[in-house]
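If you read the sequence from its start, that first residue is 1, and numbering goes on from there. Whatever order the structure lists ligands and atoms in, that order sets their numbers, starting from 1.
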Amino acid sequence: MQRLLAGEARAAGRVISLIEDRRPERFAVLGALAGRVGRAERLGVTGPPGAGKSTLINAMTRALRAAGRTVGVVAVDPTSPYTGGALLGDRVRMGESGLDAGVFIRSMATRGALGGLARAAEEACDVLDAYGRDVVVIETVGVGQSEVDVARAADCTLVVLSPESGDQVQAMKAGLMEAADVFVVNKADREGADRMVAQVEEMLHLRARRGAWEPPVLRSVALKGEGVEAILEAVARHRRSEEERGGLAARRRGRLLARLRAAVEEIHREAIWADPGSALALEGAADRVASGGADLYGAAAGLFRSWLRRAAGLGGPPRGE
Ligand SMILES: Nc1nc2c(ncn2[C@@H]2O[C@H](COP(=O)(O)OP(=O)(O)OP(=O)(O)O)[C@@H](O)[C@H]2O)c(=O)[nH]1
Ligand SMILES: [Mg+2]
């Protein structure tokens, strides 16, 4: 079993590299996974820089492994302490799970547009899901809406704060706070944790209720694994509540619609610029716009139409293969 898992991890690693580099082969590889995606429980973890997200994920991973569940982690985080399945430096080490084939950790660095990275990260989660991980965790630093959205593309989103997060929380405001299904005030061993918990609870009271689920505000000392069981219990409770209300299905459906839309755009964008005719036409259009002979959008629409005609001549628009 361990060896099978290790072999699968290697294969998953290779597939995720194709995805990360946005290589054309990814279409076929992702296609082959169809039908096997959707079994894993997906957990998003976001929050201000340094709040302890990675440390907490590490502690949760240990608890999940102890319960016999396999775990995959995708960290969308250029400063992540994860490298190749181990944590670096004086930060928490993977400890007993360091060489555990039941844990797969992958960092994805910001490369190119964040939108592309968001898609790549979600596809990496699909791969780990298809390879049979029971729980797939995605970590993002909650500095902007798009990063928060990545973590939100999960069945349950944990927002991790620390006693020092007060100002950051003010700065990030709505997006981060509204993404939360479960709040965790980590570093509860430090002064100010009570104040932070009170601040979040007050904010939750002020806010109109989003639905039946009231996000709990929990405490943890991730470094010592304290509070982890209660967090995992809250995640399980949230899942049951979502399932009862049909929220999980609705959430996954909404995500699927958004991903399909983005995929249509991505396929066409790539196909348009892969066509040498488009590059030629682009130069001509730029000349016309520069000399005042055409407006930008008119020229762009013309470029698109001329590509459609060429694509039709070649047997139709691309199929993403
Ligand atoms: N005192 C205390 N320190 C902690 C705790 N959890 C994490 N830390 C420390 O906080 C620092 C940041 O922890 P990380 O887990 O890397 O935080 P992060 O949120 O993943 O950071 P980024 O991914 O860089 O945003 C490290 O030095 C940890 O050792 C805790 O419960 N108590
Ligand atoms: Mg981290």
Side-chain angles (χ1 to χ4, degrees), residues 42-64 71-95 97-98 103-111 114 117-118 120-121 124-125 135-152 154 157-172 175-177 179-180 182-197 200 217-232 234:
R42 296 197 188 198
L43 199 58
V45 177
T46 190
K53 299 177 292 295
S54 301
T55 313
L56 185 65
I57 290 169
N58 195 50
M60 289 195 296
T61 298
R62 246 179 237 144
L64 288 165
V71 182
V73 180
V74 176
V76 183
D77 175 5
T79 65
S80 171
Y82 301 123
T83 45
L87 286 160
L88 276 185
D90 62 353
R91 302 203 182 193
V92 185
R93 288 168 195 285
M94 287 304 282
S97 55
V103 180
F104 179 93
I105 299 176
R106 175 66 176 241
S107 271
M108 296 177 91
T110 313
R111 201 188 297 166
L114 188 66
L117 182 67
C125 289
V135 182
V136 175
V137 187
I138 185 157
E139 174 187 350
T140 67
V141 185
V143 288
Q145 191 57 49
S146 17
E147 290 91 340
V148 172
D149 285 343
V150 174
R152 211 174 180 170
T157 307
L158 253 64
V159 168
V160 181
L161 306 167
S162 73
E164 299 87 41
S165 300
D167 294 344
Q168 292 163 317
V169 169
Q170 291 301 321
M172 292 177 219
L176 182 67
M177 299 319 244
V182 176
F183 282 99
V184 177
V185 174
N186 185 43
K187 306 194 189 179
D189 53 326
R190 290 202 185 157
E191 209 189 317
D194 292 341
R195 209 166 48 239
M196 193 67 219
V197 169
V200 176
V217 187
L218 307 173
R219 279 161 229 251
S220 68
V221 182
L223 272 179
K224 295 186 189 147
E226 285 171 25
V228 167
E229 288 301 332
I231 293 169
L232 291 175

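- Among the backbone and side-chain atoms of Thr55, none of the N, O or S atoms lies under 2.8 Å from the Mg ion (ligand 2).
- Taken from CD1 in Ile57 to CG in Leu64, the straight-line distance is 11.0 Å, to the nearest 0.5 Å.
- The two residues Ser165 and Pro48 make their nearest non-hydrogen contact at OG-CG, 3.8 Å.
- Where the criterion is an N or O separation shorter than 3.5 Å, residue side chain and backbone included, Gly50 meets it with respect to ligand 1.
- Contacts of Asn58 with ligand 1, taken as heavy-atom pairs under 4.0 Å, are absent altogether.
- Residue contacts with ligand 1, taken as heavy atom pairs separated by less than 4.0 Å, involve Leu223 via backbone and side-chain atoms alike.
- Distances below 4.0 Å separate heavy atoms of Ser54 from the following atoms of ligand 1: 15 (O), 18 (P), 20 (O).
- For a threshold of 3.5 Å applied to N or O pairs, the pair formed by Ser220 and ligand 1 contains no separation below that value.
- Residue Met196 holds its CE atom at 14.5 Å from CD of Glu191, rounded to the nearest 0.5 Å.
- Met60 has its side chain within reach of Val45: a pair of non-hydrogen atoms, C-beta onward, lies under 4.5 Å apart.
- For the pair Glu139/Ser54, a side-chain contact is recorded, criterion being any heavy-atom separation below 4.5 Å from C-beta on.
- Among the atoms of Gly52, some N or O lies under 3.5 angstrom from an N or O of ligand 1.
- Summarising the geometry, atom NZ belonging to Lys53 is positioned 14.0 Å from atom CG belonging to Asn58; distances are rounded to the nearest 0.5 Å.
- Shortest distance from the Mg ion (ligand 2) to Glu139 is reached at OE2 (N/O/S atoms only).
- Less than 4.0 angstrom separates some heavy atom of Val141 from each of these atoms of ligand 1: 25 (O).
- At a heavy-atom distance under 4.0 Å, only side-chain atoms of Asn186, from C-beta outward, approach ligand 1.
- To the nearest 0.5 angstrom, Leu218 atom CG is 8.0 Å from Leu158 atom CG.
- Taking the side chain as every heavy atom from C-beta outward, Val137 and Thr61 never approach each other to under 4.5 Å.
- Atoms of ligand 1 found under 4.0 Å from any heavy atom of Glu139, numbered from 1 in the order shown, are 20 (O), 23 (O).
- Arg62 has its side chain out of reach of Val228: every pair of non-hydrogen atoms, C-beta onward, lies at least 4.5 Å apart.
- Using a non-hydrogen distance threshold of 4.0 Å, Glu226 does not register as a contact of ligand 1.
- Here Lys224 has no heavy atoms under 4.0 Å from ligand 1, in either its backbone or its side chain.
- Ser162 and Asn186 form no side-chain donor-acceptor contact under 3.5 Å, judged by distance and modelled atom types alone.
- Asp194 is listed as a side-chain neighbour of Arg219, based on a closest heavy-atom distance under 4.5 Å.
- For atom 11 (C) of ligand 1, the nearest non-hydrogen atom from the set Arg219, Arg190, Lys187 comes from Lys187.
- Each of the following atoms of ligand 1 lies closer than 4.0 Å to a heavy atom of Ala51: 19 (O).
- At under 3.5 Å, not a single nitrogen or oxygen of Pro49, backbone or side chain, sits near a nitrogen or oxygen of ligand 1.
- Remark: ligand 1 and Ala188 share no N or O pair separated by less than 3.5 Å (distance only, no angle test).
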